[in-house]
Each structure stands twice: as structure tokens, then as C-alpha cells.
Amino acid sequence: MTRAQIFEFYRRLAEADPAPETELAWTNPYTLLVAVALSAQATDAGVNKATRALFERVDSPAAMLALGEEGLKAHIKTIGLFNTKAKNVIAAARILVEQHGGVVPRDRAALEALPGVGRKTANVVLNIAFGEETIAVDTHIFRVANRTGLAPGKDVRAVEDRLVRVTPAPFRAHAHHWLILHGRYVCKARRPECWRCPVADLCRFKPKTPAPPAAG
DNA sequence: ATCCCGAGGG
DNA sequence: CCCTCTGGAT
């Protein structure tokens with residue numbers, strides 16, 4: 001591909017909706033925040049299924065308070081950690097109504113002060129809902145960055161900063177999505193499949209069982 | 001049977 | 001640092 005074609009390729013990817021069923025979550029800062037906060041230890045399909053009906057009725061902190069904790073639990077029973085998540089989402093809705101006029105604040109400290117919202121969720125909301133130049137370092141990115149030596153260290157802030165510095169614009173977001181997928185499907189937490197890793201020769205991580213299974 | 005995963009608490 | 005929460009994946 002020519003350079004112009006590569007730009008066009010990524011431009012189209014950026015404009016495409018990767019998950020039509022979560023359209024509301026992507027365009028509404030509040031439902032986006034809730035969807036991301038619910039996503040830990042749950043499959044994407046599970047969160048999509050559980051939140052589709054929820055977000056048809058509940059698309060604001062005030063509506064979430066009206067639904068109530070038991071009502072919310074009924075929607076998210078099928079995803080992991082629903083008890084803790086329901087409690088946190090209701091408590092966060094109360095703070096949003098009482099302290100932020102019922103809207104999601106464009107402010108890192110205010111976001112991270114919400115129950116159930118940590119650095120990763122705050123970074124996703126700041127980037128997707130508000131266009132801030134943040135990246136969300138999830139466990140996949142963190143693991144790949146550490147194993148390879150691309151961005152070693154246990155300090156998430158330092159890993160974020162280094163990844164931003166070593167990844168060239170304008171495809172920074174694409175590169176980080178690639179890290180997530182690579183960590184999920186190749187550089188896995190359990191049984192990493194180094195034999196089919198495209199950057200194994202550049203990587204310092206040498207697990208004890210780097211060979212493929214005997215039969216497929 | 002054990003690990004995953006993000007946030008929070010001890 | 002350690003641990004807990006949970007359904008799903010392995």
C-alpha cells in the first residue's frame with residue numbers, strides 16, 4: 001500500500017462503528033461510562049446483551065437513580081461482579097446528580113472519584129466522550145508492554161507516558177488497539193503463544209513453554 | 001480446579 | 001504488597 005492508501009485505510013476504520021449494538025454507549029458519556037465500568041471480568045458479548053435493554057430506559061444518572069440498585073441488578077445479573085458493580089453505579093449516579101448537575105464531568109479527578117471508576121475507565125471516557133488525548137492501559141496492554149520491554153515497570157502512569165512517547169502519531173490509537181488484541185489472543189496471560197508472535201525476535205520475554213501443541 | 005479482570009480496601 | 005468480588009473460559 002502507498003502511504004496515502006494507509007492513511008485512507010485507517011481513516012475508514014476510525015469512522016466505522018465497531019459495535020452497532022452499543023451505539024448509545026459510544027455516543028452518550030454517561031452510558032459509555034457505565035458500560036466501561038461494567039466490563040471488568042465480563043465478555044463484550046455479555047455486557048452488550050445486558051446493557052442493551054438497560055440503556056433503552058436508562059441513559060442518565062437521574063434515570064439510574066430512579067431505576068435503583070435492585071432494578072439495575074436485575075439487568076446485569078448475568079455479568080461478573082454484578083453486586084459490587086450495581087452498588088458502585090448507583091453510588092456514582094447519586095454523586096453525579098448531587099455534585100455535577102446530573103452530567104458526566106470532563107475532569108479526571110472528578111471521574112476517578114466516582115465509585116467503580118478507576119484510571120482505565122476515566123481514560124476511556126476522557127478519550128471517546130470528550131476527545132482528550134488519553135490512552136487506557138488495560139491489563140493486556142500492561143502485560144505486553146512489560147513482557148516485551150516496550151514499556152517496562154509497574155507504574156501505570158509511567159507505562160502510559162512511555163507508550164505515548166514511543167508510538168508515532170497519527171496511528172497511536174490503532175497501535176494501542178493492536179496491543180490489546182495481541183495481549184488477548186497471542187501474548188496471553190496464560191499459555192502465551194510465542195511461536196506465532198510476529199515480534200518474538202524483538203521480545204525479551206522467554207516463557208518456559210514457548211512451543212506449539214503437538215497436534216494443532 | 002484455577003485464572004481472568006478492574007477497582008477498592010486492608 | 002495482599003485479598004475480594006463473579007460468570008465465563010480453559
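Naming: A, B, ... by sequence-line order, numbering from 1 per chain.
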From dT2(B), dC1(C), dG6(B), nucleotide with atom closest to K154(A) side chain: dC1(C)
Minimum-distance nucleotide to T43(A) side chain [options: dT6(C), dG8(C), dG6(B)]: dG8(C)
Distance check needed: [N] [atom2] versus [X] [atom1], whole Å only.
{"X": "L111(A)", "N": "dG6(B)", "atom1": "CG", "atom2": "C1'", "value": "16 Å"}
{"X": "K120(A)", "N": "dA7(B)", "atom1": "NZ", "atom2": "P", "value": "7 Å"}
{"X": "E112(A)", "N": "dA7(B)", "atom1": "CD", "atom2": "P", "value": "9 Å"}
{"X": "K85(A)", "N": "dT4(C)", "atom1": "NZ", "atom2": "C1'", "value": "13 Å"}
{"X": "H140(A)", "N": "dG6(B)", "atom1": "NE2", "atom2": "P", "value": "6 Å"}
{"X": "N83(A)", "N": "dC5(C)", "atom1": "CG", "atom2": "P", "value": "10 Å"}
{"X": "E160(A)", "N": "dG6(B)", "atom1": "CD", "atom2": "P", "value": "13 Å"}
{"X": "L38(A)", "N": "dG7(C)", "atom1": "CG", "atom2": "C1'", "value": "14 Å"}

Cluster overlap L67(A) with V47(A), hydrophobic side-chain contacts below 4.5 Å: no
Any donor-acceptor N/O pair, K206(A) side chain to C203(A) backbone, under 3.5 Å: yes
Test item: V36(A) and L32(A) side chains (from C-beta on) under 4.5 Å apart, heavy atoms: yes
T84(A) side chain near dG8(B) phosphate (N/O to OP1/OP2, under 4.0 Å): no
Counting the atoms with a prime plus P, OP1 and OP2 as sugar-phosphate, which does [X] contact under 4.0 Å by heavy atoms, base, sugar-phosphate, or nothing?
{"X": "K87(A)", "result": "nothing"}
{"X": "T78(A)", "result": "sugar-phosphate"}
{"X": "N88(A)", "result": "nothing"}
{"X": "L114(A)", "result": "sugar-phosphate"}
{"X": "R184(A)", "result": "nothing"}

Nearest non-hydrogen partners of R147(A) and P192(A), listed with the distance: NH1-CB, 3.6 Å
Short N-O contact, E69(A) and K73(A), less than 4.0 angstrom: yes
